[in-house]
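Scroll down for the structure; my scribbles are underneath it.
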Amino acid sequence: MSVRVRFAPSPTGQVHIGNIRAAIFNWLFARHECGKFLLRIEDTDRERSTPEAVQTVLDAMNWLGLTYDEAPLYQSTRLDAHREAAETLLKAGHAYKEDKGGTGKGECIIFKMPGKDMMFKDVIKGELRKSAKDMSDLVILRSDGTPTFHLANVLDDIQMNITHIIRGDDHVENTYRHIALFQALGATVPAYGHLPMIINQQGKPYSKRDGAAFVGEFREKGFMAEALFNYLTLLGWSPGDDREKMSKDVLVSLFTLDRVKSGPAQMDIKKLTHLNAMYIAEMPLDQFIQKERSVVSRLEWGNACGENLFKEVCKLMQSRAHTFTAAEEWKYFFVSDIAYDEKAVKKNLNKEGVKQLLIKAKERLATADFSAKSIEDIIRGVEKENGMGEGKLNQPVRVAVTGTSIGAGIYETVALLGQQCVLKRLGYAIEHFCI
RNA sequence: GCGCCCAUCGUCUAUCGGACAGGACACAAGGUUUUCAUCCUUGGAAGCGGGGUUCGAUUCCCCGUGGGCGCGCCA
């Protein structure tokens, strides 16, 4: 039978990075095996499972290109089937009713574990076993008539003809129960594979405290879907050689479950960022422009960016952008009111002799044609005439016209800023910062 | 506490018992005739400890230690 796997998120309004990684591994496995990747929305918690929360899941999947093959199954539509199954198990003697007391909620239906030692072969972790004494019976239908996770999950997997269940390591212990349920229900037991957890620097499950923990946050922080996808793939898996940056197609062709590790893996934002920078550097310019446009449009100065200038700035900055949020630093290209970095000013402008040179440069720039080439020539000339080392005037000019000591090539930057702007800023710097 | 699992540079990882344990991120130094970034060169950096098995162990086995996960009328 051909492979059928599923991603079964419970819509809570956010999609955790660990969950989406499970989705990615399932997707990769399905595509590699030419099988089906299905989606099941476990929306039985009516409080949290709002249409918006469901949409968040769909958006995250869509963003990452996690295409699914059949209409999603909404678990909430299966309530009757779940109840029926609980009754069936009860009649067949696989379950019993009991009031577990305590809070006195009434009778619930409890599944009887087989009472035998169990073993299953995990596709990732190998043979796993557990003795009968360590497995207790489990509630499958609450006293209020609603099914528990275990019942619903197993039943829906049967309904969907799932052949392989690839999920987080935190489900390993549930597997024995689920297998027993499959068997009691007379269904074929699927293959299981448990993915290592993603942990933080403290070795704890990766959470909000550790920076971005949800798919939406990575997106907002300027990460590319392709980079995040690629990076997540490397957490707990490798192709077996030194390849790291891989396209989806390559990933699909290389991905196998037997190469997945079983120990937890620590998230490394720096490495993700590095990968992201490579992806950004390679993307087509017009796509980059579009991305940056949307980043900048959220800023108060963002809509002041003219089409052409914005394009040129993107061209200049693409290779040095690590994330899309880099555009937030481009303000000085688009507004007249710029911020000055105090340290940079002190180091480059507030020094003996700089004033005369900037005055001279300003004079010549006033009559230049403002190509990068002639700007360079002018600055070179001023340096030379004053016995200054080649390039030594670059930083003072940069700080004077951009307010910061870092940026793209200074001649290109000056050219893009335009004559009027540059003369004005030079004048201001000479007045206010030079001695 | 009980059960299950895991264990290679700081981090992610490679290694089908056999060469100097390789790569990437990060870090450090230098270079790419302007900063930042890119790129290049170089460097430091690992088999948790103890027993076995073997001619030979990072690799196989056992014990210890460390870490993760689980032990709900949550999912």
Side-chain angles (χ1 to χ4, degrees), chain A residues 8-10 12 19 42 44-45 48 75 98-110 122 124-126 128-131 133-136 138-150 152-153 167-176 194 196-199 201-205 231 233-245 259 261-275 277-278 281 317-322 326 329 344 347-348 376 379-380 383 389-399 402 404-413:
Chain A
S10 137
T12 60
N19 287 127
E42 304 208 331
T44 48
D45 180 343
R48 296 200 290 179
Q75 190 161 70
E98 187 184 310
D99 184 342
K100 291 185 85 179
T103 42
K105 290 176 189 166
E107 283 192 325
C108 53
I109 297 183
I110 297 173
D122 190 286
I124 292 165
K125 302 170 86 80
L128 265 22
R129 53 193 86 236
K130 202 159 178 87
S131 62
K133 66 175 165 50
D134 294 320
M135 295 184 284
S136 54
L138 59 141
V139 173
I140 52 175
L141 199 75
R142 300 187 188 90
S143 49
D144 67 0
T146 59
T148 61
F149 160 75
H150 304 290
N153 199 263
R167 46 158 43 161
D169 222 348
D170 48 340
H171 283 296
V172 173
E173 303 295 328
N174 287 331
T175 305
Y176 303 96
H194 290 90
M197 307 304 285
I198 297 178
I199 56 173
Q201 285 182 24
Q202 286 72 41
K204 300 295 174 194
Y231 177 72
T233 261
L234 263 18
L235 244 34
W237 177 85
S238 84
D241 52 36
D242 289 339
R243 277 177 286 186
E244 292 199 323
K245 184 168 177 296
R259 290 207 57 84
K261 298 251 293 184
S262 52
Q266 189 177 310
M267 181 85 180
D268 182 0
I269 299 282
K270 293 236 184 80
K271 187 153 182 170
L272 201 213
T273 305
H274 173 79
L275 208 49
M278 291 201 283
M317 296 304 210
Q318 183 173 2
S319 69
R320 39 177 53 77
H322 286 184
E329 308 297 320
K347 186 177 173 196
N348 295 289
E376 178 172 6
I379 294 176
R380 277 300 85 76
E383 286 165 349
E390 195 168 272
K392 295 289 188 218
L393 195 52
N394 287 342
Q395 284 303 83
V397 170
R398 179 190 301 285
V399 176
T402 69
T404 163
S405 60
I406 59 176
I410 186 59
Y411 320 123
E412 290 82 355
T413 301

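These numbers come from a predicted model, not from an experiment.
Across the protein-nucleic acid pair, A:Asp122 atom CG and B:G68 atom P stand 20 Å apart, rounded to whole Å. The interatomic distance linking A:Ile198 (CD1) with B:U13 (P) rounds to 10 Å, in whole Å. The distance between atom CD of A:Gln266 and atom C1' of B:A24, rounded to the nearest whole Å, is 15 Å. Rounded to an integer number of Å, the gap from CG of A:Leu128 to C1' of B:C5 is 7 Å. One atom, CZ of A:Phe149, and another, P of B:C74, lie 13 Å apart when rounded to the nearest Å. Computed from coordinates, the A:Trp237 CH2 to B:C6 P distance equals 21 Å when rounded to whole Å. Separating the NZ atom of A:Lys204 from the C1' atom of B:G66 is a distance of 12 Å, rounded to the nearest angstrom. Per the geometry, NZ belonging to A:Lys270 stands 6 Å off C1' belonging to B:A26, to the nearest Å.
Residues A:Thr413 and A:Thr402 are in side-chain contact: their nearest non-hydrogen atoms beyond the backbone lie under 4.5 Å apart. Counting heavy atoms from C-beta on, the side chains of A:Arg380 and A:Asn394 come closer than 4.5 Å. Side-chain contact check for A:Asn174 versus A:Phe149: some heavy-atom pair is nearer than 4.5 Å. Put simply, the side chain of A:Met267 reaches to within 4.5 Å of the side chain of A:Tyr231, judged on heavy atoms.
The side chain of A:Arg320 places no N or O atom within less than 4.0 Å of a non-bridging phosphate oxygen (OP1 or OP2) of B:U35. OP1 or OP2 of B:A75 sits under 4.0 Å from a side-chain N or O of A:Arg142. Between A:Ser238 and B:A14, a side-chain N or O to OP1/OP2 separation shorter than 4.0 Å is present. One finds no side-chain N or O of A:Lys130 lying less than 4.0 angstrom from the OP1 or OP2 phosphate oxygen of B:C71. Residue A:Lys271 places no side-chain N or O under 4.0 Å from the OP1 or OP2 atom of B:A24.
Among the atoms of the strands shown, none is found under 4.0 Å from any heavy atom of A:His194. As judged by a 4.0 angstrom heavy-atom cut-off over every strand, A:Glu42 is placed among residues touching the sugar-phosphate backbone only. Residue A:Pro196 is out of contact with every strand shown, counting any heavy-atom pair closer than 4.0 Å. When heavy atoms are screened at a 4.0 angstrom cut-off, A:Val139 is found touching the sugar-phosphate backbone but no base atom. Contact annotation for A:Gly407: base contact, defined as any heavy-atom pair under 4.0 Å involving a base atom. Contacts of A:Tyr231 with the nucleic acid, taken as non-hydrogen atoms under 4.0 Å apart, are absent. Here A:Ala277 lies out of heavy-atom contact (under 4.0 Å) with every strand. No engagement by A:Asn348 is indicated, since no non-hydrogen atom pair under 4.0 Å with the nucleic acid exists. A:Gly168 comes within 4.0 angstrom of no nucleic acid atom, judged by non-hydrogen atoms across all strands. Residue A:Arg243 is classed as having no contact, given no heavy-atom separation below 4.0 Å to the nucleic acid.
Comparing B:G68, B:A24, B:A75 by their closest approach to the side chain of A:Glu244 singles out B:A24. Counting only heavy atoms from C-beta on, A:Thr148 has its side chain closest to B:A75 among B:C25, B:A75, B:C12. Each of B:C25, B:G68, B:C73 was ranked by its minimum atom distance to the side chain of A:His274; first place goes to B:C25. Distance from the side chain of A:Asp268 is smallest to B:C25 among B:G68, B:G70, B:C25. Listed candidates were B:U34, B:A26, B:A75. Nearest to the side chain of A:Arg398 is B:U34. Relative to the side chain of A:His171, the nucleotides B:U33, B:A75, B:G68 differ in distance, and B:A75 lies closest. For A:Ala265, taking side-chain heavy atoms from C-beta onward, the closest of the listed nucleotides B:C12, B:C73, B:U35 is B:C12. Here the nucleotide nearest the side chain of A:Lys261, chosen from B:G68, B:C6, B:U13, is B:U13.
A 6.0 Å sphere centred on CD of A:Glu107 holds more than 12 heavy atoms belonging to other residues, nucleotides or ligands.
The nucleotide B:U54 finds no pairing partner, because no Watson-Crick or G-U wobble arrangement with both distances shorter than 3.5 Å includes it. A 3.5 Å limit on both hydrogen-bonding distances identifies no Watson-Crick or G-U partner for B:C73. Nucleotide B:U59 is matched to nothing when pairs are restricted to Watson-Crick or G-U wobble geometry with both distances under 3.5 angstrom. Remark: B:A37 base-pairs with no nucleotide in the shown strands. Criterion, Watson-Crick or G-U wobble with two distances under 3.5 Å. In a base pair of the Watson-Crick type (N1 to N3 plus N6-O4 or O6-N4) or a G-U wobble (N1-O2 and O6-N3), with each distance short of 3.5 Å, B:A28 is matched with B:U42. Partner assigned to B:C4 is B:G68, using Watson-Crick or G-U wobble distances below 3.5 angstrom.
Side-chain to base pairing of A:Ser143 with B:C73: one donor and one acceptor N or O lie within less than 3.5 Å of each other.
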Yes or no on salt bridge (Lys or Arg N to Asp or Glu O under 4.0 Å) for A:Asp241 and A:Arg243, after CA distance, side-chain angles and deciding distance? CA-CA 6 Å; A:Asp241 52 36; A:Arg243 277 177 286 186; 2.7 Å; yes

Side chain to side chain contact (heavy atoms under 4.5 Å, CB included), that's the test. Do A:His194 and A:Thr175 meet it? Break it down for me. CA-CA 10 Å; A:His194 290 90; A:Thr175 305; 3.0 Å; yes

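In this structure, A:Cys108 and A:Val139 approach most closely via the heavy-atom pair SG-CG2, 4.0 Å.
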